[in-house]
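Each remark here refers to the structure printed beneath this line.
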Amino acid sequence: MLSPVVTEKSEQLVQLDAGEPAAVTQTPLFGLDAEALTARMVAAGEPAFRGKQLAEGMYRQRLTALEELTTLPKALRQRLALGGWEVGRPRIAQVFKSVDGTERYLIECRGGDAQTVEAVWMPEGDEGESGDGTEMDEAQEAGKSWTRATICVSSQVGCAVNCQFCLTAKLGLQRNLTAGEIAGQVIAILDRHAVEVGRDRVNLVFMGMGEPFLNFDNFMAAVRLLVKEAGLSPQRMTVSTSGIVPGIERFAQEPAEVRPKLAISLNAPNDEVRSELMPINRKWPIEAVMDAVRQVRLRSRERITFEYVLLGGVTDQVKHAREVARLVRRSGLPAKVNLIAWNPGPGIAYDQPQAGDVEAFRLTLLDAGIPAYLRKSRGRDIFAACGQLKRTVEG
Ligand code: SAH
Ligand code: SF4
């Protein structure tokens, strides 16, 4: 998807020695995988291994400037710069720190225009994502204030899906993010926290702004970059969708070595309520979503996550929990339910659920044999919690 611009620039790269001054707008190398980088290096008359070196420099060493890529000869770095290339990794432009350790970032993408994207760092992870306890017993990492963490990643600026309870929906869809912009959020945050890939326990959740399955190609290209070039495990990644059936069907075709885990935003006990809260349900109702999800070949012990936002009085009653339990059981899927108490936002007229109702809901699911976790609300004070991402600049 980056190819139109890149092709043009790679031609320039062949004739780099023209001695032209660097173009005002540089083209990012970040976002290209080792194969694409290799092709560009070969086209420029360089040995093929330079592509691999570039990929390692950007995605493993997390370097951000051509001058830092010292595995490449200085002359080549200069030729690249003159040819209009730069590393061009998305940059953390602003940080909001929550009292609970959560950090929300405004990340500036290419061109430095006003369109920033949001991502969130949650140290100690999010109990909702890994609340099955399997990740709790890792040894404390010396010198780090966290033992594990979760990064929440955006896939679009804004969102077109228009769920009635979600603040991101208010933005509408501004634009899709490129693969480099999606993966760049992760690499920039790993860098900021000196994460050692392969040693530190970091989970990725594609649950920030946007609907990943309405930007499917870029989303999956970003996952491949993160897995193949940066060395992250897809089994530590979860993508959440509002139920875009064609997207789920394509996702089901992805090979296991690059397929993240799947979460479905169920959010309602039946089609009637769901269609009101999530208009997308009129196009793809619950059964159509379940049919698509059943096409995914799960790994051993893998479960589908159903996310369920509890709206006070609307979806949080015991009778709703019973319906949800029936629905999940009927699906025949190995599943767990992540409950999320609704986070309020300006201009959205719902109520937060009462603590007692939340607990009664969870116990009803557990009694019915459905694993159910309450996702801790993180970073609400900095507008970092679920459904609150809206490029809010006021801290
Ligand atoms: N667009 C995707 C992923 C981003 S939303 C999706 O909808 O699945 C991530 C999760 O946050 C979804 O499960 C969504 O239902 C939930 N969410 C949205 N707004 C929320 C709010 N105000 N409070 C709590 N959860 C919310
Ligand atoms: Fe979009 Fe997800 Fe928000 Fe719905 S909940 S509007 S799909 S970001």
Side-chain angles (χ1 to χ4, degrees), residues 117-120 122 126 128-129 150-177 182 185 204-216 219 237-245 247-248 251 260-269 273-284 286 289 292-293 304-312 314-316 324 336-353 358 373-380 383-392:
V117 58
E118 302 202 3
V120 181
M122 291 168 277
D126 180 329
E129 277 322 300
T150 300
I151 299 173
C152 180
V153 188
S154 292
S155 55
Q156 300 180 310
V157 180
C159 185
V161 179
N162 200 24
C163 303
Q164 300 297 294
F165 47 80
C166 174
L167 199 54
T168 304
K170 301 265 178 203
L171 284 175
L173 176 63
Q174 310 285 311
R175 70 178 177 92
N176 279 332
L177 295 179
I182 297 171
Q185 298 166 54
L204 302 188
V205 294
F206 295 92
M207 299 186 184
M209 295 168 92
E211 170 47 63
F213 285 2
L214 290 178
N215 186 18
F216 191 88
F219 159 70
M237 303 178 186
T238 304
V239 60
S240 172
T241 178
S242 55
I244 309 297
V245 164
I248 301 169
F251 181 79
K261 294 187 289 183
L262 181 61
I264 302 289
S265 293
L266 180 62
N267 294 341
V273 177
R274 195 167 191 267
S275 292
E276 251 170 55
L277 301 176
M278 303 175 70
I280 193 86
N281 192 69
R282 294 186 195 125
K283 186 156 189 185
W284 293 300
I286 296 172
V289 173
V293 173
I304 298 292
T305 301
F306 288 105
E307 295 157 288
Y308 191 95
V309 178
L310 294 157
L311 297 169
V314 180
T315 60
D316 67 343
V324 170
K336 62 170 173 166
V337 175
N338 273 359
L339 301 171
I340 318 168
W342 179 68
N343 293 305
I348 310 186
Y350 288 108
D351 292 319
Q352 291 178 250
V358 173
Y373 304 92
L374 177 63
R375 190 185 290 174
K376 265 196 281 181
S377 177
R378 304 289 305 263
R380 240 191 226 176
F383 275 84
C386 294
Q388 293 192 313
L389 300 186
K390 197 196 164 189
R391 293 193 285 139
T392 321

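Predicted, not measured: the structure shown is a model, and the values here were computed from it. Order of listing sets the numbers, starting from 1, for every ligand and every atom in it.
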Q.
Quick check on contacts: which atoms of ligand 1 are under 4.0 angstrom from a heavy atom of T241?
A. 6 (C), 8 (O)

(Q) Using a distance threshold of 2.8 Å, state whether an N, O or S atom of C163 lies below it from atom 3 (Fe) of ligand 2. (A) no

Q: Could you check atom 10 (C) of ligand 1 against the protein and tell me its nearest heavy-atom contact, residue, atom and distance included?
A: E307 OE2, 3.8 Å

Q. Considering only heavy atoms, does I340 approach ligand 1 within less than 4.0 Å through its side chain, its backbone, both, or neither?
A. side chain

Q. For ligand 2, which atoms have a heavy atom of A169 less than 4.0 angstrom away?
A. 6 (S)

Q: Could you check which of G208, C159, S240, S265 puts a non-hydrogen atom nearest to atom 4 (C) of ligand 1?
A: G208

Q: Check each atom of ligand 1 against the heavy atoms of W342 and keep those under 4.0 Å away; list them by number with element.
A: 21 (C), 22 (N), 23 (N), 24 (C)

Q: Mark the output for S155 as yes if a heavy-atom distance to ligand 1 is under 4.0 Å, and as no if none is.
A: no

Q: Using a strict cut-off of 4.0 Å, indicate which atoms of ligand 1 neighbour a heavy atom of N267.
A: 15 (O)

Q: Please indicate, with yes or no, if any protein heavy atom is found under 4.0 Å from atom 3 (Fe) of ligand 2?
A: yes

Q | Under 4.0 Å to a heavy atom of S242 - the qualifying atoms of ligand 2, by number | A | 7 (S)

Q: Using distance alone, determine whether L167 and ligand 1 share an N or O pair under 3.5 Å.
A: no

Q: Give the atoms of ligand 1, by number and element, whose distance to some non-hydrogen atom of C166 is under 4.0 Å.
A: 18 (C), 19 (N)

